[in-house]
Amino acid sequence: MGLIAIDLDGTLINNQHEISTENINAIKQAQAQGHTVVIGTGRAYFDVQEIFKKTHLSLYIIGANGATAHSPSGTPILSVPMPDEDSERIATWLEANNIYYEVFCEHAIYTLDGSQDILFQEVKDLEHHVSKEEFQFINMHLKKQLSQSGYAFMNSFEEIFQAQEKIYNILAYSFINQKRLAGVDAFKDEKDLTLVTSSPFNFELEHKEASKGNALTYLAKVLNLDLDQSLAIGDSENDISMFKVVSNSFAMDNASEDVKKHAKYVTSSNDENGVAKAIYQFITD
Ligand code: CA
């Protein structure tokens, strides 16, 4: 038996920010057949718990892009924090460049008090420079970003640092391409860090050993499950590391061409129960 690893945003969650009954039923059916289902997401663990609260599903959770893993009962299985000196340096650079950021820790997503105004200002500035559709797309992403559970607002990075929590990743977010690309450029060649993106408007930095694929490999080892009989489903660049370690991978139809290229198969979009279709294809094969 193997694992079934599923990304959340753009994959299991549809564009109405919901998990469909079809997808929930497919997960239950896979579990009934003995498969172990794991969520692999960039979101923080406590945020994912909140999302699944009403579903009564029992799931392993890989959070913060592979920096954490928890059992269905909440036991920590894996923890790969960032080196402190890297986090401080990154935060300093982002602040100097007026880029909004979030610091993902054990119990909260820390962000600077008032810093979300940077995003509101960016959206306001873009309103008359993009099409109506693009503007809607931007607003949808803004809403999604700020609807995470577990925000804690601090006055400075020093205050975050003094909270003495493990820092799992730093997420930088901007609707302005030049700002985001400058950030990617500044950090893409860091030898001790991994840079991934999970939305069109962010980039995230974490420990170089932290990835969804590495966490999945670790989980398979701990649970004595076979990656050669495992499935991964995703839509973003940060899902490619999962595709690489399993025998069966599905990219969502809403994924980019590059992400699709790395997957063995393509399933329907997140708005057409692509996850359920991929699961049924996998478990009936
Ligand atoms: Ca995704």
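First listed ligand is number 1; within each ligand, the first listed atom is number 1. These figures come from a predicted structure and were not determined experimentally.
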Could you state whether Phe161 and Phe153 fall into the same hydrophobic cluster, counting links through intermediate Ile, Leu, Val, Met, Phe, Trp or Tyr residues with side-chain heavy atoms under 4.5 angstrom apart?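 No, it is not one cluster - the side chains of Phe161 and Phe153 are not joined through contacts under 4.5 Å.
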Would you say the rings of Phe243 and His262 are close, in the sense that their centroids are separated by under 6.0 Å? no
Angle between ring planes, Trp93 versus Phe187, binned at 30° and 60°: parallel, tilted or perpendicular?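 If you compare the ring of Trp93 with that of Phe187, the planes turn out perpendicular.
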Do the rings of Phe201 and His141 sit parallel, tilted or perpendicular, given the 30° and 60° boundaries? perpendicular
For the Ca ion (ligand 1), every protein N/O/S atom that sits closer than 3.0 Å, waters excluded: Asp7 OD2, Asp9 O, Asp235 OD1
For Ser87, run the side chain to side chain contact (heavy atoms under 4.5 Å, CB included) check against Ile167, Asn169, Leu193 and tell me which one passes. Ile167
Looking only at non-hydrogen atoms, find the nearest pair between Phe250 and Val266 and report the distance. CD2-C, 4.1 Å
